[in-house]
Amino acid sequence: MTNTQSLFPTTYESSRERFRGYLPTIQNMWSKAALHQYAMSYDNSLTIDWIYSPATEKNEKILVFTTGEHGVECYVGAAMMHRFIEDYMPKLDPRTTGILFVHAVNPWGMKNHRRGNKDNIDLNRTFMLDPHFDPAFNPAYDKIDPFLNPKSTLTNTFFNNLVYLFGLGLHVAKMGMRDFRYALLLGQYRNQKGLYYGGKEMPEETRTLMDLYKMALQNYDQVLHLDMHTGYGPRYQMSLVNSALDKGTSDYFEKRFNYPLVVAATADEFYAIRGDMIDYIYGLQQRDHPTKKIYATSFEFGTLGDTLYGLFQSPRVMIHENRAYWHGAVNDKVHAEAKRGFEELFNPSAADWKEKAVKDAKQAFEGILKAEGFI
Ligand SMILES: [Zn+2]
């Protein structure tokens with residue numbers, strides 16, 4: 001068994017290499033398993049990789065495991081996938097179960113340690129059943145846009161933190177924390193250099209994944225989808241974030257999975273999003289395959305925590321990193337500080353964090369696979 005530290009890859013390339021190396025192991029159980037790639041149109045050295053196999057006898061259900069929709073989060077996502085493949089995949093029944101493992105939905109973001117893709121698009125704002133990338137959507141974002149996306153070089157970190165705190169205080173006082181977070185996180189389709197930008201049209205990454213989800217729902221009666229993310233929720237307790245489109249309550253799922261923290265992606269429990277990938281799968285199921293069974297969820301490995309400190313820190317870190325990316329920083333030190341803060345938000349370095357994250361993931365794998373009848 002791989003030790004916890006070495007589960008976490010350090011580069012996009014090494015992670016992808018390891019992923020491709022799973023194929024023979026998977027073929028021991030699913031002889032028809034094959035490795036597929038989608039090369040990005042602008043750079044064929046960047047690929048979305050997946051390993052798919054139908055069930056060996058009868059396609060009843062499929063396990064879908066996705067990582068790196070937010071590129072930089074794939075370092076943790078790939079670690080969790082490795083643990084899954086070593087410890088849980090062998091318990092599945094290949095005769096009735098198909099598998100689909102996806103490495104790096106957003107390969108550019110993983111390689112470049114950013115959340116969005118090459119065009120600064122947050123892919124989790126692009127999964128729409130009826131795609132319209134409406135530039136007028138979420139008008140409240142305009143009120144906070146200058147605060148979120150300053151159009152100048154990142155200067156002194158201490159000074160910028162003060163400006164940030166002052167700006168945050170002002171906006172929260174004017175709008176309330178709830179409305180501020182709503183406007184911030186919902187998604188926007190007009191500021192190309194802004195946070196939570198959803199683009200002008202459907203990105204190629206999104207199209208690639210949509211085809212895979214359609215295939216899964218078409219060929220199987222039951223779909224179980226686990227999607228890996230980092231950044232939100234308590235630091236030492238991974239949150240299972242369910243779609244608001246799932247009718248089950250969070251309490252119900254906590255008992256069902258024997259897992260202590262389940263939330264729904266609504267403004268009350270988590271936050272609302274347009275173009276969410278998990279919502280898309282539910283939407284597809286409800287529209288085209290209403291008789292089929294689905295459970296899809298995001299594993300959200302919290303990093304800065306959900307105390308007031310964490311809630312205040314995560315936008316700060318994202319604002320500084322995004323500003324330095326577009327407008328540069330006054331010197332290398334300030335640039336490195338911005339990058340380091342961002343990395344800690346989505347790919348923490350602490351050994352104890354990694355240990356607990358893996359432990360939580362295992363508990364969730366166990367509970368979900370059992371409850372959904374996969375083991
Ligand atoms: Zn994410």
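Counting starts at 1 for both ligands and their atoms, in listed order. Side-chain atoms are counted along with the backbone in the values below, which use heavy atoms only and exclude waters and symmetry mates.
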Original post:
Strictly under 6.0 Å, is that where the ring centroids of F137 and H132 end up?
Top reply: no
Original post:
Around the Zn ion (ligand 1), what protein N, O or S atoms are found below 2.8 Å?
Top reply: H70 ND1, E73 OE1, E73 OE2, H229 ND1
Original post:
Between atom CD1 of I99 and atom CG of L63, what is the distance when rounded to the nearest 0.5 Å?
Top reply: 8.5 Å
Original post:
Below 6.0 angstrom between ring centroids: does that apply to F346 and H70?
Top reply: no
**OP:** Measure from the ring center of Y88 to the ring center of F65 and say whether it is less than 6.0 Å.
**Re:** no
Original post:
Are Y141 and Y196 an aromatic pair by the rule of ring centers under 6.0 Å?
Top reply: no
Original post:
Under 6.0 Å from the six-membered ring centre of F365 and within 45° of its axis: does the NZ or CZ of R83 meet both?
Top reply: no
